[in-house]
Amino acid sequence: MATVDDGAAANSGSKTAGASESGAGRYGRPPAKCSRVDLALRALLFAVTLSALVVLATSKQTVMVPVVLRPPLVFAPVAAKFTHSPALIYLLAALCATCLYSLLSAVSSLRFLSGSASSAKTIFLLLLLDALCAGVMASATGAAAAVAWLGLKGNSHTRWNKICNTYGDFCRHIGSSTALALVSSVLLLLLAFLNAYTLYRRSR
Amino acid sequence: MESRLKPAGFSGNFEHSSRRGYMGSAAVLPAAGAAKARPPVDPCCVALRVFVLAATLAAAVVMAANRQTTTVQVAGAGAVPPLKVTVTAKWTYSSAFVYFVVANAMVFAFCAGALVACRSRSAVVPVMVGDLVALALLFSAVGASAQFGLLGERGNSHVRWSKVCDVYSRFCEHAMAAVAVSLIAAFADLILLMLTILTIHKASSYY
């Protein structure tokens with residue numbers, strides 16, 4: 001397998017000269033360097049989505065809030081959970097789906113590396129699913145970022161008060177989870193670029 | 001070795017004769033000489049692109065022109081009579097809506113550029129990369145403003161954010177219409193991207 005690196009790179013480069021050196025040349029495996037980067041990105045995606053999931057799922061904070069504002073102040077514990085906002089539930093679902101998808105696609109990427117099965121069809125399917133996942137993650141990130149921004153800054157025009165001065169810990173969890181979700185959508189875009197480039201290079 | 005040094009994706013000289021073998025009857029071109037420089041343009045892709053162009057423009061304009069002024073009655077305390085207050089809702093009051101308008105305008109500008117550039121073969125990869133970025137932008141903008149709209153429609157009792165759409169009903173309807181149109185545009189962009197990928201896939205599989 002040591003020669004695969006050079007051989008595959010040269011093979012993909014000289015695709016225009018010789019249409020196919022062998023039977024496998026037409027559906028030749030993608031360059032090993034590309035598929036290694038692909039595998040590394042998918043592993044990174046899995047790590048990022050998993051940590052975002054954990055951070056989001058553990059974001060629960062209970063603070064004592066005065067419920068009666070007259071002199072005998074009565075305090076009651078009020079909890080902030082991510083299930084209180086539909087946007088955060090959507091983020092959780094999207095992160096779950098992406099985490100699962102990154103695991104499954106890493107398996108197919110591993111099969112590229114071992115060279116047992118690599119067809120243009122697999123790359124094509126992975127590319128389609130990458131684009132779809134990127135769309136889902138982008139919308140989830142947008143929704144979660146909007147609610148996190150409202151929590152951080154509030155909106156004076158609609159008289160929605162900010163909550164991050166009360167639930168600081170909760171807000172940090174939500175913010176970190178949203179940032180990790182943003183990283184994972186960027187990773188999905190990069191994966192789509194990489195696969196598209198691999199597929200495009202074969203078409204020459 | 002020199003073929004490796006050449007930038008693989010961006011050189012304009014494409015082998016069209018090899019593709020025409022597969023495309024067969026689909027690639028009947030009026031001028032055979034022009035076929036080398038001008039690839040066949042898929043009318044479906046152009047139609048989708050024009051649709052995305054129109055939809056993002058409509059969404060951005062509807063959202064940016066969205067403005068409602070109403071009078072609400074503020075209950076007076078004690079002897080003070082109830083007070084009528086004029087309040088205005090504008091798209092600039094919400095950061096999510098500002099992002100929405102900016103993202104839609106950017107996708108509109110990109111689509112106009114891509115429509116101009118779609119005749120040249122060397123633009124395939126840049127247009128596809130731009131499509132991916134436009135997809136992410138549109139989806140995140142739709143997510144953010146739909147979330148804001150949902151909060152306005154229902155409020156959130158846990159953090160005591162009251163709903164505002166009972167006051168600004170027309171504003172909310174317009175905003176929701178803009179979000180829906182933009183969502184359709186995002187899905188059209190996704191289909192466009194998949195068609196582009198399918199074209200490349202066919203070109204790579206059937207030599």
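All values below come from the heavy atoms of this structure, side chains included, with hydrogens, waters and symmetry mates left out. Residue numbering restarts at 1 for every chain, and letters A, B, ... go by the order of the sequence lines.
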Let me know if A:Leu188 has heavy atoms under 4.5 Å from chain B in its side chain, its backbone, both or neither. neither
Over all heavy atoms of both residues, which pair between A:Leu189 and B:Ala136 is shortest? Give the atoms and the distance, please. CD1-CB, 3.9 Å
Counting only non-hydrogen atoms closer than 4.5 Å, does A:Ile163 touch chain B with its backbone (N, CA, C, O), its side chain (CB onward), both, or neither? side chain
Identify the residue among B:Phe171, B:Tyr168, B:Tyr93 that makes a ring-ring contact (aromatic ring centres under 6.0 Å, His included) with A:His157. B:Tyr93
Pick one of side chain, backbone, both or neither for A:Thr141, based on which atoms fall under 4.5 Å of a heavy atom in chain B. neither
Do A:Trp149 and B:Phe148 have ring centroids that are under 6.0 Å from one another? no
If every non-hydrogen atom of A:Pro86 is compared with every non-hydrogen atom of B:Leu150, which pair is closest and at what distance? CG-CD2, 3.8 Å
Mind listing the closest non-hydrogen atom pair of A:Trp160 and B:Gly152 along with its distance? CH2-N, 3.8 Å
Can you tell me which portion of B:Val129 sits under 4.5 Å from chain A's heavy atoms? Options are side chain, backbone, both or neither. both
Sort B:Leu137 into side chain, backbone, both or neither according to what part of it lies under 4.5 angstrom from a heavy atom of chain A. neither
If you compare all heavy atoms of B:Leu132 against all heavy atoms of A:Ala192, which two are closest, and at what distance to 0.1 Å? CD1-CB, 3.6 Å
Counting only heavy atoms not in B:Met106, do more than 12 fall under 6.0 Å of its CE? no
Can you check whether B:Leu198 reaches A:Phe124 side chain to side chain, under 4.5 Å on heavy atoms? yes
Is it the side chain or the backbone of B:Met194 that comes within 4.5 Å of chain A heavy atoms, both, or neither? both
Considering non-hydrogen atoms only, spot the tightest contact between B:Gln147 and A:Ala146 and give its length. OE1-CB, 3.8 Å
Could you have a look at A:Gly135, A:Ser156, A:Ala144 and say which one has the most heavy-atom pairs with chain B under 4.5 angstrom? A:Gly135
Contact origin within B:Ile197 toward chain A - heavy atom pairs under 4.5 Å: both
Value rounded to 0.5 Å, distance of CE in A:Met137 from OG in B:Ser140: 11.5 Å
Pick from B:Leu151, B:Asp189, B:Leu135 with the largest number of heavy-atom pairs that fall under 4.5 Å of chain A: B:Leu151
So which heavy atom on B:Leu193 is nearest to which on A:Ala131, and how close? CD2-CB, 3.8 Å
